[in-house]
2 protein chains.
Amino acid sequence: MLALSHGTPVPYFQSKGAADFAPLFLRQPTEIARAGATLFFEGDVAKSVFRIASGNVRVCRLLPDGRRIITGFLAAGDLIGLSFRNKYLFSAEAIDDLTFSRIGKRLLEEELQLVPEFRVHLLSHLRDEITAAQDHMLLLSHKNAEQRLCTFLLQRVELAGGRDGGVLALPMVRADIADHLGMTIETVSRTLTRLVSKGVLLPADRHQFKVASRAALARAADEEPDDDDEVARERRYAGRRF
Amino acid sequence: MLALSHGTPVPYFQSKGAADFAPLFLRQPTEIARAGATLFFEGDVAKSVFRIASGNVRVCRLLPDGRRIITGFLAAGDLIGLSFRNKYLFSAEAIDDLTFSRIGKRLLEEELQLVPEFRVHLLSHLRDEITAAQDHMLLLSHKNAEQRLCTFLLQRVELAGGRDGGVLALPMVRADIADHLGMTIETVSRTLTRLVSKGVLLPADRHQFKVASRAALARAADEEPDDDDEVARERRYAGRRF
DNA sequence: CGGGCCCTTGAAGGCCCTCAACGGAGGTGG
DNA sequence: CCACCTCCGTTGAGGGCCTTCAAGGGCCCG
C-alpha cells in the first residue's frame, strides 16, 4: 500500500487524478484550531505541510493596500502548503472549527527522496493548482457577477457530490466569497437574491441553499447573460481563431 | 555540469530561483515557426516540452463562448508545456518569428528518472507558475485599468533588466495585452495614451515605449489612483485584519 | 438591553465596455 | 507607382454593470 520499491520507474507526466498524500499523515498527531485562527501567514518561513481532517479553510493573499484575494477554499482531505518555496505564498485561516495534522518539511523531504510515488503525487497536485488558478483567472477576467457566483456555487455542489435536490453549503461569510470572486459583499448578496428570485436557488439559512435547478446553475455559470444563440457564438469563435 | 550522481539527496523545497532545463535541450535540433503559428492547441495530447531560443510566444486559453485569456507571454530561454498532464492545458502561439527546440515526453521522463536535479527544477518551475498565476489573479480581481497596465509594463521592464532610460518592448498586439489583463483593446489604448500624456511613457512606435519614470510606473502599478495618504491605507489594513 | 457582526436593500455615480468611425502601416495586384 | 485591401491602433459617444455610500434588520452574546 505504501510505495513501490526503489528504482521502479514512475511516470512523471501521467494522467492520474488528485494526489494522495494521506499515508504521510497517518502517524502525525491530530491538532485543532478555532474558527478564525490562522495556520500560517503569507511570508512566514515554511516549516510544514498541512492536511485538513475536518472543517474549512480559506487561503488568501493581501495586496499592499490591504485588499485581499482568497485563492481558494479547502476542506477535509485537502492539503495546504505544498506550493511553498521556503516561505509560504499565502495565508491559511480556519473558517470554522478545524481538525488537521501536519508534516514537517524535513520528514517530507525524506519521504520524497525515498518514495517515487509521492514525487508524482506532488507534481500532480501542483498541476492541479495551476489548472485551478488558470480557470480562476478566466473567471475573474471575463465573467460577470452572476456567472462568477454560479461557477463558484457549481464547484461547491460538485465537490460535495450533490444532486439537484442536494443542499449547498457555504460555510464562509459573504466577504470571503466576495474576495474569492473579485466582487463586493453587496454584489454577492444582490446576486444571490436574484438567483433565488429566479428560482435557481432556495434559501435555507445564511450558509445553506438548496439548488432547485442544477441545469440552470450550469447554464448561468458559463453562458452569456441570456438569449444567446448559436450563430452569435460561432461568429465569435471565428473571429478569434485567426 | 550535467548532474549529481545517483542517490545524492536533493532538497525538494529549497529556495532556488528559476529552473534551468537548458542542458536537456542542448542536443535537440532547432526549429523555426512563423509569426502567428501555433505550437500546440489547448486539449491536444501533450507529446513534448518546448524551449524558446528566440522570439515571443503567447499562451492562451479559450472560454466556450470564444472569449480568450492570455495567461502569459514567453520569450527566449522560457519553457512551455511543463504543466501538462497528458493533454496541454493551453495553446501556445508565436507572436513573431520564432526559433525553438523541443524534447519528447519519453526522453524527458527518462532524464527525470535519472537526474534528481531536474526533478527539483521541475518543481521550482511549477511553483513559479503558481506564484505568477496567483499574482495575476490579484491583478484581475482588484486592480483598475491603469494599475493593470502599469503592473504589466513594469514586469516587462524588469525582465528586460531595463533602467529608467530603457526601451520597453511590446511585441504583442493590443488585443493580446487586452486579453492578458482582462480589458478591451480600446481601454488598453486609452490607458496607454493617458500614461503618455501624464509623462510616464514616451512613445517610440506601436511596439516600443520609453519609460520616462519607472518610479511613477511602480507607483501607479500598486497604489490607489492618486492622492492616497498613509492614514487611509492604515485604516483599510485595520479593517481587514480582524 | 445594548453592541457587534453579518447580511440585505436602496440610491447615486464612476469605470469600463460597446458601438462606431477614422487614420496609418504594410502587402498585393493592376 | 498608385489604388485598394486588411489589420491594427486610436478616439469619441453612450450606456450598463458594479462599486461606493448609506441605512436598516436579524442574530448572538455579554
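Below, chain A is the first sequence line, B the second, and so on; all start at residue 1. Please read these numbers as outputs of a predicted model, since none were measured by experiment.
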Tell me, please, the opening and closing nucleotides of DNA chain C, 5' to 3', among those with an atom under 4.0 angstrom from a non-hydrogen atom of chain B.
-> dC16(C) to dG24(C)

Classify the side-chain pair T99(A)/T30(A) by whether it contains a donor and acceptor separated by less than 3.5 Å.
-> no

Partners of T38(A) by side-chain hydrogen bond (donor to acceptor under 3.5 Å, both in side chains), sequence neighbours excluded?
-> none

Hey, is K143(A) close enough to D222(A) for a salt bridge, meaning N to O under 4.0 Å?
-> yes

DNA chain D nearest-nucleotide lookup for K143(A) and R206(A): closer to the 5′ end is K143(A)

For G36(B), which contact category applies under a 4.0 Å heavy-atom criterion: base, sugar-phosphate, or nothing?
-> nothing

Toward the 5' end of DNA chain C, which comes first, S189(A) or R148(B), by nearest nucleotide?
-> S189(A)

Using five pairs at either end of the helix from dC1(C)-dG30(D) to dG30(C)-dC1(D), determine the angle between the two local helix axes and round it to 10 degrees.
-> 30°

Salt bridge K198(B)-E146(B), side-chain N to carboxylate O under 4.0 Å | yes

CG of L139(B) to CD of Q155(B): how many Å apart, nearest 0.5 Å?
-> 7.5 Å

Could you name each residue pair satisfying ring pair (Phe, Tyr, Trp, His ring centres under 6.0 Å) that touches residues 50-70 of chain B, not counting sequence neighbours?
-> F40(B)-F50(B), F50(B)-F100(B)

Between D128(A) and R85(B), is the closest basic N to carboxylate O distance under 4.0 Å?
-> yes

For N56(A) and R156(A), work out which heavy atoms get closest and say how close.
-> OD1-NH2, 4.2 Å

Roughly how far apart are D44(B) CG and N86(B) CG, rounded to 0.5 Å?
-> 11.5 Å

Tell me, please, the opening and closing nucleotides of DNA chain D, 5' to 3', among those with an atom under 4.0 angstrom from a non-hydrogen atom of chain A.
-> dC18(D) to dG26(D)

Sequence neighbours left out, what pairs pass ring pair (Phe, Tyr, Trp, His ring centres under 6.0 Å) with at least one residue falling in residues 176-202 of chain B?
-> F73(B)-H180(B), H136(B)-H180(B), F152(B)-H180(B)

